[in-house]
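What follows is a short report on a single structure.
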There are 2 protein chains.
Amino acid sequence: MSGALKDAAIRVERPTKTLRELALDKVREAIVNGYFRPGDRLVERDLCAQLGVSRTVVREVLRHLESEGLVANLPNKGPIVAQLDIEEAKQIYEIRGALEGMAARLCAERGSPEIVAALEDSLTGIRNSYRDNDMAGVLANTSSFYQTLFTMVDRHVAWGVVNLLTVRINHLRSMTIKTERRGIEGPAQMAKIVDAIRRGDGEGAQRAAMDHVAAASAIAEAVLSAQKPAE
Amino acid sequence: MSGALKDAAIRVERPTKTLRELALDKVREAIVNGYFRPGDRLVERDLCAQLGVSRTVVREVLRHLESEGLVANLPNKGPIVAQLDIEEAKQIYEIRGALEGMAARLCAERGSPEIVAALEDSLTGIRNSYRDNDMAGVLANTSSFYQTLFTMVDRHVAWGVVNLLTVRINHLRSMTIKTERRGIEGPAQMAKIVDAIRRGDGEGAQRAAMDHVAAASAIAEAVLSAQKPAE
DNA sequence: AATCGTATTATGGCGTACCAGATACTGTAG
DNA sequence: CTACAGTATCTGGTACGCCATAATACGATT
């Protein structure tokens with residue numbers, strides 16, 4: 001074990017990203033940023049030109065995004081950017097609630113001060129970002145908040161699932177955090193989670209986490225249904 | 001709307017499975033059936049020959065399986081069949097517990113007799129399959145039991161997540177159901193879920209579902225740790 | 001003989017060209 | 001103005017080739 005760690009420390013960390021991974025990130029970014037809009041067709045050969053890579057790479061990227069749920073494939077028509085159905089979004093929030101609630105409960109039952117400290121770090125990061133109007137910072141710190149929630153109790157698989165689902169609602173997230181009062185209520189709800197964890201109150205931590213997600217879900221639903229008629 | 005339905009009814013249901021999907025199913029089957037063992041290298045050109053398709057297709061299939069977690073990609077080495085780590089398996093069972101518990105609770109709160117009827121159908125199917133020693137039937141009926149649990153309350157996304165995770169532990173499942181007494185205890189636990197749903201007892205249904213998964217997890221852990229030294 | 005450097009091989013990563021089938025568009029003839 | 005045929009577009013799929021890298025085998029030098 002310690003030997004393996006020593007090796008890992010010495011290992012020359014060559015950024016051996018394959019072209020495919022780079023392209024994957026680019027396209028995913030383009031989708032979540034809204035450069036490609038939901039319903040847009042993703043023409044393989046056009047993507048080749050825009051990305052400067054071959055069809056082989058583009059096709060693999062499209063397959064990957066398809067299995068992530070960001071891209072849908074119409075038979076004999078080709079891939080399009082997946083539409084985010086409001087029903088689906090609600091389900092994704094519900095699942096996140098279940099899993100984040102579970103993780104919060106586990107954190108509370110673990111009763112480790114490091115967890116509380118790490119969570120509070122992220123939380124002050126969120127507050128500062130809100131104060132500076134740095135929305136990217138809010139997202140990043142929120143993400144790291146949940147990451148510690150999951151990984152401090154070694155729930156990497158659940159964290160992976162949450163991430164997988166989150167990319168599908170990413171542009172929703174960037175809209176909900178801009179909502180009025182979210183800069184106050186969001187951190188307050190998260191502080192409740194941290195408080196319950198500090199008290200070792202598993203039940204309360206779970207409920208607080210689920211409440212927080214439920215609030216986000218409600219905002220997302222409002223945003224989405226307000227936006228729907230405009231399309 | 002009715003026009004669309006009529007069209008759908010008339011539509012000639014051509015099995016428009018693309019070659020890629022066929023190959024995907026074949027390889028996935030081969031992995032979960034144990035034809036490819038965990039740790040085996042999956043050499044692209046060999047797979048081309050065995051499947052009778054081109055490298056492009058094989059590569060897309062490998063990417064897909066990679067994002068399903070069935071295949072791992074070693075940098076500069078290539079794809080291998082993913083090893084199922086015991087820790088990961090436990091986490092998968094835990095997530096299933098959370099989601100299936102959620103679905104069971106929703107079913108109970110819905111209070112619809114159709115749900116109970118459908119679940120009992122699957123349950124008798126499981127009992128009959130156990131009686132006939134038809135293990136494939138057990139798996140199929142168990143799957144349909146959970147499918148109704150999720151889809152009758154329109155939780156298709158959660159059902160997708162559960163399916164995604166389940167393929168990774170599929171060979172575990174086929175071992176746990178063969179365990180002694182599982183033919184009695186398994187259906188009994190599931191009957192408890194159905195009972196709670198019939199009573200409209202959401203809390204009880206959730207707990208029963210989580211108990212059932214926990215039991216499966218414990219058996220899987222025993223099987224896996226007994227098997228580990230042999231490797 | 002041991003070690004170091006080099007050639008070979010296996011394999012994945014990537015690109016290009018080509019064909020078939022489906023679909024959407026377009027222009028022409030009746 | 002309509003119907004039909006032809007055409008362009010696009011994906012699905014295949015074949016082939018090139019390059020980079022890792023591992024292994026082999027040979028040369030000290």
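Excluded from the calculations below are hydrogen atoms, water molecules and symmetry mates; all remaining heavy atoms, backbone and side chain alike, are included. In what follows, chains are A, B, ... by sequence order, proteins preceding strands, each numbered from 1. Remember, it's a predicted structure, so these values are computed and weren't measured experimentally.
As rounded to whole Å, 12 Å separates atom P of D:dG13 from atom CG of B:Leu24. A straight line from CG of B:Leu22 to P of D:dG12 spans 14 Å, rounded to a whole angstrom. Taking atom CG on A:Leu74 and atom P on C:dA22, their separation rounds to 17 Å, with Å as the unit. Note: CG (B:Leu19) to C1' (D:dT14) measures 10 Å, nearest angstrom.
In terms of the ring-ring contact (aromatic ring centres under 6.0 Å, His included) criterion, residue partners of A:Phe150 (sequence neighbours excluded) are, by chain and number, A:Trp159.
Taking CZ of A:Arg155 as the reference point, atom CD of A:Gln147 lies at 15.5 Å (rounded to 0.5 Å).
When every heavy atom of B:Val27 is checked against every heavy atom of B:Leu65, the shortest pair comes out as CG1-CD1, 3.4 Å.
B:Arg55 CZ: more than 12 foreign heavy atoms inside a 6.0 Å radius.
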Is there any protein nitrogen or oxygen under 3.5 Å from a nitrogen or oxygen in nucleotides 9-12 of chain C, and what are the pairs?
unit_1	atom_1	unit_2	atom_2	d
C:dG12	OP1	B:Leu42	O	3.4
C:dG12	OP1	B:Glu44	N	3.3
C:dG12	OP2	B:Glu44	N	3.3
C:dG12	N7	B:Arg45	NH1	2.7

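Closest to the B:Thr56 side chain, of the nucleotides D:dT14, C:dG13, D:dG12, is D:dT14.
Contact of the A:Glu60 side chain with the B:Arg59 side chain is registered, since non-hydrogen atoms from C-beta on lie closer than 4.5 Å.
Between A:Ser54 and C:dC14 there is no side-chain N or O to OP1 or OP2 distance below 4.0 Å.
A cation-pi arrangement is absent between B:Arg41 and B:Phe36, since the terminal nitrogen or guanidinium carbon is not both under 6.0 Å from the aromatic centre and inside a 45° cone about the axis.
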